[in-house]
Structure formats: structure tokens, C-alpha cells
Amino acid sequence: MVSLNTLRTKFGIVLSVIIALALLAFILSLKAEMGFTGNDPKIGEIDGEKINYSEYYDQYQQIRDQNNVQESDEQQSAMLANAAWQALFTDRVLQPGFEQLGLRVTEAERLAMISGQQPSQTLYSIFTNPRTGEYNVAAVSDFLAQAETNPQARAAWAQINRQLRIEREMQKYQGLIRGGAYVTSLEVADGVTAANTSFAGKWVGKKYTAVPDSLVSVSSAEIKEYYNSHKNSYAQTPNRTISYVVFEVTPTEADLAALETQAKEVGAEFAATQELKSYVRANRQGTIADNYVTAAQLTAEEAEALMAGKTYGPVLKNNEWTMSRVLSSKMVPDSLGIRHIVLPYTNEKLADSLLQVARAGADFSKLAAEYSMYEATASNGGDVGVVPFSGFTNEFAEALTDVKKGDIVKVASGDAIQIMQIYRADKPVKHVQVATITYPLVASEATRRDIHNQVGTFSVNAKGSAAAFNEAASKAAVTPRIATLAQGDRQLRGLEDSREVARWAFGAEEGDVSEIFTVGKDYVVAVLTEIDDDDYKSVEKVAAQIRSQLIRDKKYDYIVKNLTGTTLEEQAASLGSEVTGFEQVTYGSYYIPGMGVEPRVVGAIAAAEKDVVSAPVKGMQGVYVFRVDNVSTEEKQTTDGERVRAQAMAEGMAQQFAIPAVQQMAKIKDLRGKYF
């Protein structure tokens, strides 16, 4: 039977059925914490419709509650936020579009999906038999019985049906897109020729870098003209540019000396204590391993000390002082061959019955295949394989300490009960459980306060403008870094845990200097240097890029102007280069040895006549002339094979870009960055 709790657990997979839009994510906290008690700010636009905070938040909460997911980490928060935004996009754009297209999901189709006649990923994700991996129609009936008296189950079923409709409509839409993709017989013929034909010959060329920049010039007017004629190439998402400095918090020499003294003092106590477990647990830097290990799994120095019953360390290793002792040791098999039966923790009686039956001589493999809920091993008679004893922890290590070949034991751990049969037990080897205390090399609180005071002084001096910020950075001997945040970005590239910095940037005004942010172990202060909400990058921002392109174009003209001769040898002499051979070049090649990645040259070679010196080709890195001397044909692709390949590619490309195209037409504005 599928319970509501099980549905919640498994329904998280359903989120993937909603269109995978790859939109930017963000995390929400309580409305009161966000300061929205008296208004309802706009956090975005979808297809011209304003999305208010309250609407978004309600959608976010609904998805979170339905899936019983908490914002325990950044990944979970991003998943929930992304799903909420996708749901709004589906409501605003996809479903109205499906209606206009006449896409409908009939009652007969819905029932066919529920019955399993029409496969549904939504239902399969929820109502699957864990042992067989098959869709369980009876589980749907059981859940509907719960829904009659349980309001939460009814609400969940309503959401499932909504998801079924969206899933089916999307399948139909993708079917329309797929049906519109068609490969002509000419394309197939060209594809067969391209796949089966290779070329060999010779080439000469000259790199643009071989021509001094001083020989060509580019004016501002030329840059402006190029920009205007290629403006669509410079479309952008609204963004913010910040300059920021990082004050690294590192331990001083005094901190390092104090840490060494502390580690050695604790090390002496650690080595002398008779109550090792209590001592380690009382130290916040202490840990006790869950598993037992052999000497082979320790370093040579650790094994030499620990296996002899001595204390290892304190020793400075990997930027931390570390010390360890053996808490417990066992002579146990190095590896165990195990079969198991996995049952829910609620099936204690069944577990005891199976344990007795198995110990009485019943076929364990058959019992596992019939009763184990863990389908990955149930289909193989419960065979886990040969596992090293060091792979077992806690209850399992305790239960398996004294086992012999043929023993059958029961272990309750977490939310499951396992009945385990030992079919192999290797020679006993000494295993040890290790207790460890480590002191990482971190700055002291006094050092942190000193650095924070320095940051505070910097922050005061940096107020007022970007110029003041840079002057303060120079005095503080820190180097400003530049970051551009596109609309909705959650953090700065290369700066982990920087969500708060990104949030500040989207709410600040140009010239504002931020508060002091704690990012990891360091401190960060930023100044907002630019707000750019234009649809296109400015000509000033792309001037250097355009200048490089125009210089390359003019160098092409310069090289071609000085190219003389009718043979490759003569042309090579005029270019100051040498004749080089090429072979096995096909239309699908992307690289020519000695030349590099030059798709235009590859295309020209594939279209060239044999034994004819080509016209100059404007490559990405230089100007090239070639001659094809030999054309080889080998049947690597058939007409039928190429038709299947090309059709599949056409359909895949059409489906891949269908939703992004709809997104682009919807003119989505994601303004959530200010509030996350």
C-alpha cells in the first residue's frame, strides 16, 4: 500500500517531469524575515504578466509541503525554487499555449495512464513495487481509498492528476515538434558522401599573428559600423558588475605556535588517559571511527604505532595536528561473502520467522527473492558479494564479529531489518577501531578580531565611490576583483558561499559599498560599479572584441594582397611558410594537424576539386591555401543508416530547442535575486 508519507518521499522525482527549463534558482525564507509585511513586491515577469512575491512564495511552499522537502542545503533550496518558477512558467505560458494548439488530455487517456496502458513517469515514480520494479496498479487503488477520508491524500491526488495532464500534454507537444522535423533525400545523400569520403593533400598558410598589428588600423567609426550590423550578436541578460576585495583570515605565527603547544598538551593527556572513549567524546575536535580497519588501510607510520598499541602523533599533516589511538581491536575475517534479506523495520515478526526458517535449512536465496524489499539484490537471491569487514559499521560490525561460514544473523539498523547469511569467511586478521583528535591550522579568535577591525577600517575608507574603494584597497594592500552577476545569479563565480554578496548586489545602487560579508573563513567587501539593464551589451563593452575581429579581417586582406604564385610552392615562398601535407580529412573533422581547429578550411577541402589549388580561405587563426591530391571512399555509412541518424538528430535538435524558444518569446524577467 502506498501511504501518504511514501508518496511524499517518492514524489520528489515528479519534479523532474515539469519542463526542465534550467532557469535560475533562489531560496526563500519567511515573509516576515524578508520585510514584506506591508507590500507585495514584483519578483519577475512571465509573458508580460507580473509575478508578485506572495504568489511565488505560495507556489514554493506548496511544492515544499507536497514533497516533504526542507531547505537543508543549497541544492535542496535551488531545486525547490527552480520547481516553483517552472510551475509558474507552465501555468502562464505552456498550458495556455497547449490550449491554443488544441492539445487535450481526455478522461480515457487519464485512465489509461492510471491503469498502466499508457506509461506515465509521474505514476511510475510513485506507485512502483520496490521488489519487482514494476508499476503497481493495486497501490493506486489503495491510495485512492485513503484519499476518501484523508484531506492531505486528496490534495496529493489532485496534484498527481495535474501532473499527469502536464506530462501528457508535453508528450503531445514534443510529438508535434518531432513530427515537424524532416530530412530530405538530398541531405541523406550528402551525409553518406561526407561520412564515406576522406581527403589528402597539401596546404600552406600564414597565421594572423605573423603580421604586426602596426600594419593595420581600426577606427572608432569602423567599430561602430560593425557593432550596428551585428547588434543581435551582443544580446545580454540584465546584469550587475561589482568590484570586491577578500581579506583572507589565516593563522599568524603566534597562532601556529599556540596550536602546536595545545596539540602537544592534549596529546600528552590523550596518550595517558584510561578513559579514551570519554576523553575523545568530550573534545569537540575528537572523532571515533564507525568502522574497523586493518594495518594495510593505514599509513605506514600509523600502522607501526597503532598496531603496537602506541599513540600516533601529535603530528602535523595536511594542515592539521592529528593524533590517534586504538579504541578497540578485533580478530575478524578480512572479508565476508554475504546474502541478505531486507525488510522494513516494522516487520519484526516476519524477520524473526524468516530467521528461524533460514536457520532450519530453508533455501536462503529463494527466501530473499520472495521477501526482500531491496530489489537490487533480491533478484540475485540476496547476494551482496564479498565485502571487507572494514566496510561494516556500528551494529553490523558488532553482529558480524564472531561469525563463521554458514552463520545467519539478524541486524536492525535505521529503518530496516536485515537477515544476513555468511557463505564465505576469510582468514581472521587484526582490525582496529581508531579514535582521533585533530586541530586544523586556523586563525585564533584574536586574529579574526584583528582582521575584522582591518576590514572595518577599509569599509569606512571605501565609502562614497568606486574610486574611494580602489584607493582604500591600495592602502590595505588587497587587490580588487571584478565579477559580473547576470539576473538571478545566486553567487559569484570562484567564490563559494557568496549568496549574500549576490543578493546585496541586486538590491544596491551604483556606487554603494556593502557591509562586511563572512564568506567561508574570510571577509568580503564589495562596491557596485555598474547596473546594466539594457538588452544589448554597449559598444564600449565589446569594442576590444570587435577591434580584434576587424584587425583579423584586415590582416586577411593584407596577407591575400601579398600572396603570389600559382603553385603551392610559389605561394609558400611568398608567405614565408612551408608546404605541409594533410590526410584523412573528412567533412566531420574539426582539427587538421599543424593547422588547428579550422572548420572553414575543412568545409572547403570537402567541397574542393581534385588537383586544383584553392582560393585563399579565411580561417580562424590564419589564411590558408590547399590542394586535394587524393580522394578516398570507404563505405562506413549506408543510406538507411544515415537516414536514421540524420532524422534522429533533427528530431533531437528540434525538441531540445523548442522550450528555450518558447522561453525567449515569453520574454521572462527573473528579478528574484534581490530577495533571495
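Remember, predicted model here, so these are calculated numbers, not experimental data.
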Using a strict threshold of under 4.0 Å (side-chain N to carboxylate O), is an ion pair present between D489 and R503?
no

Check I51 against W85 and note the closest heavy-atom contact, atom names and distance.
CG2-CZ3, 4.4 Å

Note: L492 and A483 closest approach over all heavy atoms is CD2-CB, 3.9 Å

For the side chain of Q95 and the backbone of I166, is there at least one donor-acceptor N/O pair under 3.5 Å apart?
no

Have T90 and Q86 got a donor and an acceptor in their side chains that come within less than 3.5 Å?
no

Under 3.5 Å donor-acceptor, E169 side chain and V105 backbone
no

Are Q146 and D142 close enough that a side-chain donor and a side-chain acceptor fall under 3.5 Å?
no

Given 3.5 Å as the limit, does a donor-acceptor pair link the side chain of E45 with the main chain of A666, or not?
no

From R168 CZ over to Q118 CD, what is the distance, rounded to the nearest 0.5 angstrom?
4.0 Å

For side-chain hydrogen bond (donor to acceptor under 3.5 Å, both in side chains), just list the numbers for Q549 and D553, CA-CA rounded to whole Å, side-chain angles, deciding distance to a tenth of an Å, and then say yes or no.
CA-CA 6 Å; Q549 176 64 48; D553 292 346; 3.0 Å; yes

Whether the side chain of R499 engages the backbone of Q491 through a donor-acceptor N/O pair (distance < 3.5 Å, no angle test) should be reported.
no

Tell me, which pairs form a salt bridge (charged side-chain N to carboxylate O under 4.0 Å, His left out) where one or both residues lie in residues 456-471, sequence neighbours left out?
E471-K475

F247 and F458 aromatic centres sub-6.0 Å
yes

Taken to the nearest 0.5 Å, the spacing of I659 CD1 from F89 CZ works out to 6.0 Å

Distance-only donor-acceptor check, side chains Q647 and E651, under 3.5 Å
yes

Do the ring centers of Y226 and H230 come within less than 6.0 Å of each other?
yes

Looking at Y234, I want to see if its OH is surrounded by more than 12 non-hydrogen atoms of other residues, nucleotides or ligands under 6.0 Å.
yes

Pairs touching residues 170-194 that satisfy salt bridge (charged side-chain N to carboxylate O under 4.0 Å, His left out), sequence neighbours left out
E109-K172

Rounded distance [0.5 Å steps], OG1 in T237 versus CD in Q487
7.0 Å

Separation between CG (N161) and CD (Q163), nearest 0.5 Å, reads 10.5 Å

Where the side chain of S474 meets the backbone of N470, is there a donor-acceptor pair that is under 3.5 Å apart?
no

Distance check, rounded to the nearest 0.5 Å: Q655 atom CD versus L176 atom CG?
10.5 Å

Count the heavy atoms of every other residue, nucleotide or ligand shown that sit under 6.0 Å from CD of E515, and state whether that count exceeds 12.
yes

Test item: S498 side-chain N/O and V501 main-chain N/O as donor-acceptor pair under 3.5 Å
no

Which atom of Y208 lies closest to which atom of M620, heavy atoms considered
CE1-O, 3.6 Å

Distance col, row E49:CD vs I46:CD1, nearest 0.5 angstrom, shows 8.5 Å

Do I223 and L550 make a side-chain contact, defined as non-hydrogen atoms from C-beta onward lying under 4.5 Å apart?
yes

Greater than 12 external heavy atoms within 6.0 Å of E510's CD
yes

Any chance CD of Q656 has more than 12 other-residue heavy atoms, nucleotides or ligands included, within less than 6.0 Å?
yes

Determine yes or no for a side-chain-to-main-chain donor-acceptor pair under 3.5 angstrom, with Y556 supplying the side chain and V617 the backbone.
no

Sidechain N-carboxylate O distance under 4.0 Å for R643, D640:
yes

Look at the side chain of R481 and the backbone N and O of V245, then say whether any donor-acceptor pair between them is shorter than 3.5 Å.
no

Does the side chain of S54 pick up a donor-acceptor pair with the side chain of D40 at under 3.5 Å?
yes

Let's go through D535 and K667 carefully: what are the C-alpha distance in whole Å and the side-chain angles of both, what is the deciding distance for salt bridge (charged side-chain N to carboxylate O under 4.0 Å, His left out) to 0.1 Å, and is it a yes or a no?
CA-CA 11 Å; D535 293 330; K667 296 181 179 179; over 6 Å; no

Any side-chain donor paired with an acceptor under 3.5 Å for E167 and T122?
yes

D532/K537 salt bridge by N-O under 4.0 Å criterion
no

Does anything in residues 93-107 pair up under salt bridge (charged side-chain N to carboxylate O under 4.0 Å, His left out), and if so which pairs, sequence neighbours excluded?
E107-R110

Restricting to non-hydrogen atoms, name the atom on V249 and the atom on I451 that form the minimum distance, rounded to 0.1 Å.
CA-CD1, 3.7 Å

Can Y57 and Q61 be counted as having a side-chain donor-acceptor contact under 3.5 angstrom?
yes

Considering all heavy atoms, the nearest A462-V513 contact
O-CG2, 3.4 Å

Closest approach of N239 and A486, non-hydrogen atoms and distance?
CB-CA, 4.0 Å

With a 4.0 Å cut-off on N to O distance, would you call R547 and D213 a salt bridge?
no

Keeping the roles fixed (side chain from K555, backbone from T209), state whether a donor-acceptor pair exists under 3.5 Å.
no

